[in-house]
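Written below as structure tokens is the structure these notes are about.
Everything numeric here is computed off the predicted structure, so don't read it as measured data. Residue numbers begin at 1 in each chain, while the letters A, B, ... track the order of the sequences.
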Amino acid sequence: MQNRILPFTLLFLGVVAAQALLFDNIQLWGYLNPYPYCLFVLLLPVNTPKNLQLTLAFALGIVIDILSSTLGLHAAATTLIAFLRPYLIDTLQTRQFYGKEIIPSMRQMGFSWTARYTLILIAIHHLTLFLLTATSLANILNSLLRATINTLLTSAIIILAQLFLFASSNKVSRP
Amino acid sequence: MNNLLRLLKRFQHVLYFLLLEVVALTLYINYNYYQKAQASLVFRRVESYVEAWRSRTANYFRLEEENQRLVRENLELRNALENNRILLRHNPTAKIDSALTGRYTVRSARVISNTTARTHNFFTLDQGSKNGVTLQMPVLSEGNVAGIVVAVSPRFSIAISLLNTDLKVSAKLARTGYFGSLSWDGISHQTALLNEIPHHVEVRAGDSVVTSGYSNIFPAGIPIGLVESVENKGGDFSTLRIRLATDFKRIYYVTILQDNYRQELDSLQQQYEHHAE
């Protein structure tokens with residue numbers, strides 16, 4: 001576990017930086033704003049203590065909130081998916097997680113599994129996000145549309161990003 | 001009892017999750033745009049430097065467009081000036097009312113960061129308290145309403161954009177004078193809604209909507225947009241869809257107005273309210 005702290009700290013910072021500097025500026029056609037910082041929550045090792053997962057997700061959400069003046073919004077959505085993630089992994093798993101130390105990344109689990117995993121969690125995250133911002137408007141349909149489009153976009157970005165991340169740590173020894 | 005404790009222990013992470021969610025949602029619901037802007041300003045100082053540099057670089061590529069816009073504006077101003085001179089020449093006894101001059105000081109600023117896709121949008125300007133910018137100063141783009149300053153740091157300031165569901169501007173139909181409340185509904189960056197216009201008022205598409213002057217923030221008569229359509233929402237009032245004059249997707253240079261009489265107005269109103277209690 002110890003040798004995971006540094007790469008994950010870097011991932012946390014990297015994801016926040018990428019979101020703030022790059023992805024927050026992508027606002028094409030008024031509907032697209034991807035939030036691939038969720039990658040961090042998705043890639044936490046499966047055996048991370050649940051409280052730690054929740055804390056990290058909350059912290060990540062708050063940091064993103066601060067950078068986009070939406071105090072509490074991303075924190076709420078990110079904490080929610082961090083909470084649901086273990087249950088989803090249990091439901092989705094097609095093979096045994098030996099020792100549960102595995103990072104559920106694409107290299108580890110294959111494209112099909114990762115696609116389902118990513119889409120479901122991102123869908124929940126974005127639905128929460130966009131519906132919360134819509135509570136003051138009568139425009140639920142607009143928000144649902146945005147949530148759907150951005151779910152696809154963010155998931156695509158996350159899956160693409162996984163081609164470049166954690167190249168070495170993916171080779172976890174399996175008995 | 002033991003069983004209960006054990007049950008709680010098993011589900012402690014659920015309780016922790018609920019706690020975090022409640023905290024997050026409470027933060028979200030309770031922070032109004034003013035506090036959010038204030039909070040973000042503290043953390044934005046470093047980011048502002050990066051963004052200032054980035055936007056300077058990007059602006060270099062827009063110089064031609066900006067140049068043309070300035071030439072146009074220059075021409076309009078010269079025309080207006082010439083018209084004034086003609087008026088004075090024909091009416092030499094007319095004195096310019098000193099009560100009206102010197103009220104507003106105009107500053108120009110560059111937009112170094114802008115959002116239009118969220119429901120609560122803000123933009124950052126490169127003028128701050130060191131340049132004399134203070135809270136609640138109105139921000140105009142090409143003479144049209146763009147926003148209000150809500151947070152100030154020494155070198156930068158943040159303005160709440162008209163494209164922000166938290167902002168309501170007192171606006172009136174220029175032709176008939178009926179006023180209402182203009183706010184953004186989050187659908188398009190090009191339109192907003194003008195509410196509280198009485199049903200019986202005759203409204204045509206293309207009618208100008210300007211600031212009413214009933215707030216202490218905006219002077220009267222500043223253009224906001226044109227009426228696009230009427231959306232009746234029942235009751236005695238109708239809602240009008242307004243096409244905004246400011247193109248928020250291409251807002252790079254703005255003017256910030258300083259009302260030199262604002263302090264006097266504020267303290268007078270405060271005094272009056274004190275006595276009324």
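Most heavy-atom pairs under 4.5 Å with chain B: of the set A:A77, A:G61, A:A76, A:A82, this distinction falls to A:A76.
Around atom OH of B:Y60, no more than 12 heavy atoms belonging to other residues, nucleotides or ligands sit under 6.0 Å away. The neighbour count for B:R62 CZ, taken as heavy atoms of other residues, nucleotides or ligands under 6.0 Å away, is above 12.
For the atom pair CG (B:L20) and CZ (A:F83), the distance works out to 11.0 Å, reported to the nearest 0.5 Å. The line from CZ of B:F17 to CZ of A:F58 is 11.5 Å long, rounded to the nearest 0.5 Å. The line from CG of A:N51 to OH of B:Y16 is 6.0 Å long, rounded to the nearest 0.5 Å.
Shown are A:L54, A:T79, A:T128; of these, the side-chain contact (heavy atoms from CB on, under 4.5 Å) with B:E21 is made only by A:T79.
With a threshold of 4.5 angstrom between heavy atoms, B:V14 approaches chain A through its backbone and through its side chain.
The closest side-chain heavy-atom distance from B:L27 to A:I62 is below 4.5 Å.
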